[in-house]
There are 2 protein chains.
Amino acid sequence: MDVDTRLLRYFLAVADEANLTRAAERLFVSQPALSKQIKQLETQLGVRLFTRSHDGMALTDAGRALAARAPAALAACDNALRETKATARRVDHVLRVGFLANAANEATQEIVARFTRIRPDWHVTMRQASWSDPTAGLADGDVDAALLRLPFPGSSGFRVRVLITEPRWVALPAAHPLAVHDEIPFEDLWGEPFVAAPAGTGPWRDYWLAAGERDGRPPRIGAVTDQPDDWLQAIANGDGVALAPASAARFYARPGVTYRPVRGVSPSRVGVAWPPAADRDPVVQDFVACCLHATGSPRSTHAGEGL
Amino acid sequence: MDVDTRLLRYFLAVADEANLTRAAERLFVSQPALSKQIKQLETQLGVRLFTRSHDGMALTDAGRALAARAPAALAACDNALRETKATARRVDHVLRVGFLANAANEATQEIVARFTRIRPDWHVTMRQASWSDPTAGLADGDVDAALLRLPFPGSSGFRVRVLITEPRWVALPAAHPLAVHDEIPFEDLWGEPFVAAPAGTGPWRDYWLAAGERDGRPPRIGAVTDQPDDWLQAIANGDGVALAPASAARFYARPGVTYRPVRGVSPSRVGVAWPPAADRDPVVQDFVACCLHATGSPRSTHAGEGL
DNA sequence: CGACGTCCATGCCGTCAGGTTATCGATGCG
DNA sequence: CGCATCGATAACCTGACGGCATGGACGTCG
């Protein structure tokens, strides 16, 4: 009796949304594909998992039984694979670190330099992640630690220490009328189209749209991008504006894109994150210590404070 | 990070055998297919799981880590699916019973009759299994209970009560020289080709070849069959002889096939088996009670005694 | 009351992963 | 030196999965 864990994830999404169409969006597949997969799971088990009706998919009793047990099964599989990867890296003396765009910017080199001084027999591999995976590989166990912008989706499952706090600015097309000002009140941007992260990155996308600081007005989306280059391109094209950490002005300067300070929007924070399983891993903890020292952060700065 | 549980099973088989070719046989796939699958698992994880050498596949440290955790993950998945099926049947008031060929022969009707008298609102579904699945669907959770010939592979994972004990006879081609005798000493059959169950049914196959009662001589295999009809056909064809429960003479009489008592071979036992998860299921326990009553078995007859 | 929106199912098609057979390269052994 | 063993590779076939377009049932609103 074999199943692809993908099928179980699909099933849980549908069970959770109680709606095929919305679940399909969340899973980034088409509705018919999901419909077929669910049906296949049902025939494979010989069990009706949902009762279909004009207003959605409701779990049957059997479906509820599966919904109750599938998460544990998925977790067990995930855990097995993650631990396998972690073991391989431990054996090879390789520390993989994920990062998102310019997460730790200037500090990155200093962090790596410190780490190699402490652990000369280890090798650090930096792996840039696309914005469609804001955990930069932590969730899949592809990295041992990650340098991230906070908040990030699923942050509750990981340990986080804050390293840097910096104001958020706005990136504008150079020709944009507001570009003439030295500082821009955030309210002036409410009506602007924004270049956003892909849907499905949830709170992370919302954070960079400052969705919670717009007095309830929904943001306008001008474009959706996945990588720094596309993002710059979209802004230069005039598809929209975007909030960005102040340091982006140094790291992502480009003709056609202008950066300006913004008044009235919360700052951005950079953190180092690691999976709970690495709490006792001295190498990962050394890396975390290097992050804290390299950025001059007090050792006690936890992420929980005022997210 | 999705995996098909099949991949994990494949991996565990290779880890266990430390040999691709033998693992492939055990899994009933070709060696190249298995080779590719293992390689794919490795690339998907980005981790070497085995070191290949001229004399087999040896686990790496990472491979050992996976081998340690995969069984639990597989068990969690299996459990989720099995419980789902069981729940569906409970809701529908359906009891599925697997059986192997003529396992409980005459008693079957009596068992079902008793059960329907006790549980008039329930419906019993009998499902005949092929010999390539000697647990008759118990292992996959496809049935709530099964009527089986003992011993069967994996019997240790299930509860079993013995119902019937009957001598084993031999089924011969009608024209076979030995068919003239009223009773045949088992030694006289040692040299005969046998019609056997598929390899991969392990101890079950061996039991019906009486491999342990041949004084060390290996059995000769004349044909391999999967179902009663093929089995009868093979014997009538003269492909070989086969041990069979005495009752087969009544249930599987056919021109060209003769049944004779055998002296010097242990008897066959029929049992009812159920998964431990159903220990507390009153419906399954009622069914078990019906089995015991219908066959006049004392309630205390456990399977463990003198297997 | 009919047009429309919502929601799931179906049909058709392109792509790719998984399986099979046949064969090769490397290694150890008689 | 030929042979057996073991894993990798090549060529091919089938079927599963995904996408798009569309259909059918049901509720809602003008």
Side-chain angles (χ1 to χ4, degrees), chain A residues 1-60 62-63 67 77 81 132 198-200 224, chain B residues 1-60 62-63 67 77 81 132 198-200 224:
Chain A
M1 189 86 291
D2 286 312
V3 210
D4 196 324
T5 56
R6 188 171 31 81
L7 265 187
L8 294 182
R9 285 195 305 107
Y10 281 11
F11 164 77
L12 286 177
V14 176
D16 189 44
E17 295 277 356
N19 177 310
L20 257 192
T21 316
R22 274 195 297 278
E25 278 170 27
R26 191 163 113 185
L27 296 166
F28 301 105
V29 296
S30 69
Q31 172 264 319
L34 188 56
S35 176
K36 259 191 289 190
Q37 291 302 306
I38 296 295
K39 192 170 303 176
Q40 175 188 323
L41 182 60
E42 289 184 323
T43 43
Q44 186 176 334
L45 293 176
V47 166
R48 293 275 284 189
L49 297 171
F50 296 97
T51 54
R52 279 84 163 157
S53 76
H54 57 92
D55 57 8
M57 313 271 289
L59 282 171
T60 62
C77 292
L81 301 185
S132 38
V224 171
Chain B
M1 191 86 291
D2 285 311
V3 210
D4 196 323
T5 56
R6 188 170 31 82
L7 266 186
L8 295 182
R9 283 193 306 109
Y10 281 12
F11 164 77
L12 286 178
V14 176
D16 189 43
E17 295 277 356
N19 176 310
L20 257 193
T21 315
R22 275 195 296 280
E25 276 170 29
R26 191 163 113 183
L27 296 166
F28 301 106
V29 296
S30 67
Q31 173 262 319
L34 189 55
S35 177
K36 255 195 291 187
Q37 291 302 306
I38 296 295
K39 193 170 303 176
Q40 174 188 323
L41 182 60
E42 289 183 324
T43 43
Q44 187 176 334
L45 293 176
V47 166
R48 292 276 283 191
L49 297 171
F50 295 97
T51 54
R52 279 85 164 156
S53 78
H54 56 92
D55 57 8
M57 313 270 287
L59 282 171
T60 62
C77 291
L81 301 185
S132 38
V224 171

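Every chain is numbered from 1 and lettered A, B, ... according to where its sequence line falls, protein lines coming before strand lines. Only this structure's heavy atoms are used, side chains among them; waters, hydrogens and symmetry mates stay out.
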Please determine if a side-chain N or O atom of [X] lies less than 4.0 Å away from the OP1 or OP2 oxygen of [N].
X	N	result
R22(B)	dT5(D)	no
S30(A)	dG18(D)	no
N19(B)	dG7(D)	yes
R52(B)	dG25(C)	no
T21(A)	dT6(C)	no
Q37(B)	dG19(C)	yes

Interatomic distance where [atom1] belongs to [X] and [atom2] belongs to [N] [whole Å]:
X	N	atom1	atom2	answer
F28(A)	dG19(D)	CZ	P	12 Å
R48(B)	dG7(D)	CZ	C1'	12 Å
L20(B)	dT9(D)	CG	P	12 Å
L49(A)	dC8(C)	CG	C1'	16 Å
L34(A)	dA16(D)	CG	P	18 Å
D2(B)	dA17(C)	CG	P	15 Å
L27(A)	dG19(D)	CG	P	11 Å
D55(A)	dC26(D)	CG	C1'	9 Å

Task: Sidechain N-carboxylate O distance under 4.0 Å for D4(B), R6(A) - done: no

Task: Check ion pair R52(B)-E42(B) (N to O, under 4.0 angstrom) - done: yes

With a 4.0 Å cut-off on heavy atoms, is [X] in touch with a base, just the backbone sugar-phosphate, or nothing at all?
X	value
F50(B)	nothing
A33(B)	base
Q40(B)	sugar-phosphate

Non-hydrogen side-chain atoms of [X] and [Y] separated by less than 4.5 Å:
X	Y	result
R9(B)	D2(A)	yes
Y10(A)	V29(A)	yes
F50(B)	L59(B)	yes

Open item on the list: If you assign each of P32(B) and K36(B) to its closest nucleotide in DNA chain C, which residue comes earlier from the 5' end?
Closed with: K36(B)

Checking contacts here: which listed nucleotide ([options]) is nearest the side-chain heavy atoms of [X]?
X	options	result
R6(B)	dA9(C), dC6(D), dG19(C)	dG19(C)
H54(A)	dG7(D), dC26(D), dT27(C)	dC26(D)
K39(A)	dA9(C), dG27(D), dT9(D)	dA9(C)

Task: Closest heavy-atom pair and its distance - L41(B), L7(B) - done: CD1-CD1, 4.2 Å

TODO: Return the 5'-most residue of the pair Q31(A), L7(A) with respect to DNA chain D, ranking by each residue's nearest nucleotide.
DONE: L7(A)

